[in-house]
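Every chain is numbered from 1 and lettered A, B, ... according to where its sequence line falls, protein lines coming before strand lines.
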Protein chains: 2
Amino acid sequence: MKIGELADRTGVTTKTVRYYESIGLLAEPERTASGYRDYDTDAVERLCFVRDAQATGLSLAEIASVLELKAAGSTSCSHTAALLERHLVDLDEQIARLHQAREDLAVLAERAVALDPSSCTDPNRCQVIASAAG
Amino acid sequence: MKIGELADRTGVTTKTVRYYESIGLLAEPERTASGYRDYDTDAVERLCFVRDAQATGLSLAEIASVLELKAAGSTSCSHTAALLERHLVDLDEQIARLHQAREDLAVLAERAVALDPSSCTDPNRCQVIASAAG
DNA sequence: GTAGACATTCCAGTCGGCTGGAAGATCGGG
DNA sequence: CCCGATCTTCCAGCCGACTGGAATGTCTAC
């Protein structure tokens with residue numbers, strides 16, 4: 001199968017496929033006599049795996065490290081497991097930070113509605129936000 | 001005050017100050033006879049405002065839009081309020097997405113521990129993640 | 001034989017928020 | 001008078017994950 005079909009089957013663009021190959025995420029495929037990339041069904045599987053892994057929030061670099069370990073013959077999922085664990089921690093931190101930001105923002109938004117607009121005249125700041133600086 | 005002092009007072013680098021000026025976030029200051037930037041205390045205030053606004057999660061572009069409206073003589077905080085409201089919605093969506101990702105990831109992490117490592121031999125994928133693709 | 005739908009390579013650009021470094025001017029202290 | 005800190009400008013690069021486009025080659029159908 002040529003690159004266009006692979007792309008269609010996996011829901012990415014041909015650009016993305018070549019990009020993944022360029023960063024070592026996909027192996028270089030066979031070539032037809034005329035130089036076109038010629039993929040087998042394993043490529044579909046592997047590319048789907050990349051997208052699935054990406055959907056779980058792993059970076060392409062992390063996915064590459066999983067695939068490299070696999071390619072090196074590792075039969076253990078412990079690397080993946082460790083990666084997932086660490087990512088889980090990251091995610092929790094990120095969520096906590098966003099929650100905090102959300103709370104801060106909600107306070108400001110409320111204040112914005114309540115404030116007297118005519119008292120907000122300083123061209124260098126906005127009292128809505130300035131009032132949060134304390 | 002020169003750029004270094006302004007930077008120190010506001011906790012940013014001189015690089016950042018010049019960058020903010022270059023994108024129109026800070027007005028061009030007076031210059032000394034020798035060409036050095038010469039700031040007044042308003043600049044400190046304005047730069048602090050930028051950092052405060054940034055801390056609430058607004059992008060520099062959004063902050064610029066608030067400042068522009070102010071500069072244009074708007075005495076209403078409604079633009080800021082609208083901006084905050086929209087940002088609040090964005091934030092909620094982002095949090096929801098992260099929560100979903102976290103749940104998905106937690107399932108995978110659990111599975112990674114439970115799976116039989118010796119059955120994970122396909123070099124193109126990892127059963128931990130492959131099992132989530134359904 | 002020709003249109004147009006695919007493929008190839010390579011280089012550059014996007015987003016946001018800076019950061020690094022070179023080459024030169026200027027300032028303050030000993 | 002010189003050292004070193006600070007300032008100036010400008011250009012380039014970083015992160016991640018692509019995306020756009022030019023110039024060119026190839027395949028398929030009519």
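- Counting to the nearest Å, the P atom of C/dT8 and the CG atom of A/Asp38 are 10 Å from each other.
- In this structure, NZ of A/Lys2 is placed 18 Å from P of D/dG25, rounded to the nearest angstrom.
- Summarising the geometry, the separation between CZ on B/Arg18 and C1' on D/dC11 is reported as 14 Å, rounded to the nearest angstrom.
- Between A/Arg37 and C/dT9 there is a side-chain polar atom (N or O) within less than 4.0 angstrom of OP1 or OP2.
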- Full working for side chain to side chain donor-acceptor pair (under 3.5 Å) between A/Gln100 and A/Asp104: CA-CA 6 Å; A/Gln100 185 58 55; A/Asp104 294 350; 3.1 Å; yes
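- Contacts of B/Glu62 with the nucleic acid, taken as non-hydrogen atoms under 4.0 Å apart, are absent.
- Nucleic acid contact class of B/Ile3 (heavy atoms, under 4.0 Å, all strands): sugar-phosphate only.
- Salt-bridge formation is detected for the pair A/Arg37/A/Glu21: a Lys NZ or Arg NE/NH1/NH2 atom is positioned less than 4.0 Å from an Asp or Glu carboxylate oxygen.
- Ion pairing of A/Arg102 with B/Asp92 is present here, as a side-chain N (NZ or NE/NH1/NH2) and a carboxylate O approach within less than 4.0 Å.
- Applying the 4.0 Å criterion to OP1 and OP2 of D/dC7, one finds that B/Thr14 has every side-chain N and O outside that range.
- Rounded to whole angstrom, the span from the CD atom of B/Glu30 across to the P atom of D/dT8 amounts to 14 Å.
- Considering only the side chain of A/Arg31, C/dT8 comes nearest among C/dC18, C/dT8, D/dC18.
- D/dT19 atom C1' lies 17 Å from atom CD of A/Glu21, rounded to whole Å.
- Looking at B/Arg86, B/Glu85, B/His87 one by one, the single match for side-chain contact (heavy atoms from CB on, under 4.5 Å) with B/Leu83 turns out to be B/Arg86.
- Here C/dT8 presents its P atom at 18 Å from OH of A/Tyr19, a figure rounded to the nearest Å.
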Show me the protein contacts with nucleotides 21-24 of chain C, counting only N or O atoms at under 3.5 Å.
{"unit_1": "C/dG21", "atom_1": "O6", "unit_2": "B/Lys15", "atom_2": "NZ", "d": "2.2"}

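- In terms of phosphate contacts, A/Thr16 brings a side-chain nitrogen or oxygen within less than 4.0 Å of OP1 or OP2 of D/dT19.
- Within 4.0 Å (heavy atoms only), A/Thr32 reaches no atom of the nucleic acid at all.
- With A/Arg46 contributing its side chain and A/Leu67 its backbone, the two residues share no donor-acceptor pair below 3.5 Å.
- When all heavy atoms of B/Val50 and B/Tyr20 are compared, the pair lying nearest together is CG1-CE1, 3.8 Å.
- Within 6.0 Å of the CD atom in B/Glu5, the count of heavy atoms belonging to other residues, nucleotides or ligands exceeds 12.
- At a cut-off of 3.5 angstrom, counting only N and O atoms as typed in the model, there is a donor on one side and an acceptor on the other between the side-chain of A/Tyr36 and the base of D/dG25.
- Rounded to an integer number of Å, the gap from CG of A/Leu6 to P of C/dC6 is 15 Å.
- B/Val17 has its side chain within reach of B/Tyr39: a pair of non-hydrogen atoms, C-beta onward, lies under 4.5 Å apart.
- Atom CD1 in B/Ile23 sits roughly 17 Å away from atom C1' in D/dC10 (whole-Å rounding).
- Each of A/Gly35 and B/Ala61 has a nearest nucleotide on DNA chain C; the 5'-most of these lies closest to A/Gly35.
- Residues A/Tyr20 and A/Ser34 both approach DNA chain D. Their nearest nucleotides, taken by heavy-atom distance, put A/Tyr20 toward the 5′ side.
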